[in-house]
Amino acid sequence: MHKPLLIGPFTQLLPMTGLALKGALKDEQLPIIENGGILVSEGKILKVGVFDELKSDDVDIHPIEGAQVCLPGFVDSHTHICFGGTRARDYAYRNAGKTYLEIAKAGGGIWDTVTQTRKASQDELVEGIVSRSKKHLKNGVTTIEVKSGYGLSVDEELKMLRAIKQANESSSATLVPTCLAAHMKPKDWNRDNDYLDVIINELFPIIKTENLAHRVDAFVEESAFSPEEIKPYFQKAKAMGFDITVHADQFTTGGSQVAVDFDAVSADHLEACTEKEIELLAKSNTIATALPGASIGLGCAYTPARKILDAGGALSIASDHNPGSAPMGDLLTQASILGTFEKLSNTEVLAGITSRAATALRLTDRGKLEAGALADFVVFPTDNYQEITYHQGQLKPSEVWKKGINICK
Ligand code: NIG
Ligand code: FE
């Protein structure tokens, strides 16, 4: 039996515990343990407290040198990092003022990535996911949600979900898969029956049998699926025990109502949402997820995060990392920038990528540093936690720990 490992002392340790799931958070509410330590055994946290009080002959010590701030490993609750190819041409077209329709006509948009992803083998997709998740991990992201949605047929969606499962087995980060078979209507659909019927009747059961995902997502939008069209898909998903999450209110409203109606775990995007949707979400159990990477990638408005929090909503912040609307894929940079535009406290930003983001994925064993949680944490070389968002992603972690192992020095 190994002795438990005591890691520290950290100048400041932010456990992110005791913070409400919903509503505004002030920095005065942020718990900070000075000269903190974390006691770890078998990948989990045994205790969090003052380093000197945790020291004993019964523990081994991993010493932390110099000024360092420790907080839970970041959770990126919305990404599309399983894809083939690139959409650099779309980006240039958008910046040249071309419209969505013009870009689609020129062969761009989501369908372009579907075509490129279908050309990739499962192993090539695995390689892409693993290399992107390594980058996220270096930046302190220890849990990454990954969607399908660039397959848009039973076989191609399965290829993506199997690739995500395979990548999870060889990646140090935890990958949380989500089925996004309703990302858009496939342009090549030429069977008599409705595409969604086939997804419901053929794809969902295989996902269950192979345990490929426990979450189902859809893009509710004029260019994808209307609230009416998507109902049977979510009804069936819910009946089969999947958690529901929705791409909602990105350009037009309607999606967050669907999310609340289905008691979705999260409604993501919300750039177009109005007071009505903000009220609706604030009163619900559905977590609002802001995706500042999509606003930056598209040159669009940010999700009204301040208003959502002030109305009493729960706010997660995710990267939406994808080849089209959000190619940057740097969660901390994006969350920090959202903070400046939306006037968010450090506590709101940090909770949005730790404790509140974990709840958006229904994960109770991470996002906080407390006894029983996974020993997933990130360490920044500074004596003041305020420096983390201040550097807008340019202050890089000195150490990242996943399940009690120091994976990036
Ligand atoms: O979350 N909005 C829909 N889906 C993705 C974009 C995917 C793409 O452009 O390839 C999003 O932004
Ligand atoms: Fe997305």
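Treat the numbers as computed from the prediction; the structure is a model and nothing was measured. Computed from heavy atoms alone, side chains included, the values below leave out hydrogens, waters and symmetry copies. Counting convention: from 1, in listed order, for ligands and their atoms alike.
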With a cut-off of 2.8 Å, which protein N/O/S atoms are close to the Fe ion (ligand 2), if we only count those under it?
H78 NE2, H80 NE2, H247 NE2, D320 OD1
Measuring from non-hydrogen atoms of E221 to any atom of ligand 1, is the shortest distance under 4.0 Å?
no
With heavy-atom distances below 4.5 Å as the criterion, would you say the side chains of F219 and I110 are in contact?
yes
Nearest atoms (heavy-atom pairs only) where A182 meets I230:
CB-CD1, 3.8 Å
I need the contact type for T113 against ligand 1. Using non-hydrogen atoms and a strict under-4.0 Å cut-off, is it side chain, backbone, both or neither?
neither
Option of least heavy-atom distance to atom 7 (C) of ligand 1 (set: Y150, F219, F251)
Y150
Proximity of H183 and H80 rings by center, below 6.0 Å
yes
Nearest neighbour in protein (non-hydrogen) for atom 9 (O) of ligand 1:
R87 NH2, 2.9 Å
Show which atoms of ligand 1 fall inside a sub-4.0 Å distance from at least one heavy-atom site of S325.
6 (C), 9 (O), 11 (C), 12 (O)
What I want to check is whether the side chains of T245 and D217 have a donor and an acceptor closer together than 3.5 Å.
no
Within the 4.0 Å heavy-atom cut-off, what Q250 brings close to ligand 1 is side chain
Hey, does Q250 have a side-chain heavy atom less than 4.5 Å from the side chain of L298?
yes
Taking the six-membered ring of F83, is the NZ or CZ of R132 close enough (under 6.0 Å from the centre) and on axis enough (within 45°)?
yes
For P15 and P31 the tightest heavy-atom approach is CD-O, 3.5 Å
Could K236 and F204 be counted as a cation-pi pair, given that NZ or CZ must be under 6.0 Å from the ring centre and within 45° of the axis?
no
Regarding K208 and the six-membered ring of F242, is the cationic atom NZ or CZ under 6.0 Å from the ring centre and inside 45° of its axis?
yes
Nearest neighbour in protein (non-hydrogen) for atom 11 (C) of ligand 1:
D320 OD2, 3.2 Å
Test N139 against L331 for side chain to side chain contact (heavy atoms under 4.5 Å, CB included), laying out the working first.
CA-CA 8 Å; N139 289 327; L331 179 62; over 6 Å; no
Which protein non-hydrogen atom lies closest to atom 4 (N) of ligand 1, naming both residue and atom, and how far is it?
H183 NE2, 2.8 Å
Distance under 4.0 Å to a non-hydrogen atom of H78: what atoms of ligand 1 satisfy this?
1 (O)
Can you name the atoms of ligand 1, numbered from 1 with element, that are less than 4.0 Å from a heavy atom of H269?
1 (O), 2 (N), 11 (C), 12 (O)
Given T178, which partner from the list H214, H78, R215 fulfils the side chain to side chain donor-acceptor pair (under 3.5 Å) test?
R215
For I110, counting its heavy atoms only, list the atoms of ligand 1 lying under 4.0 Å from any of them.
7 (C), 8 (C), 9 (O), 10 (O)
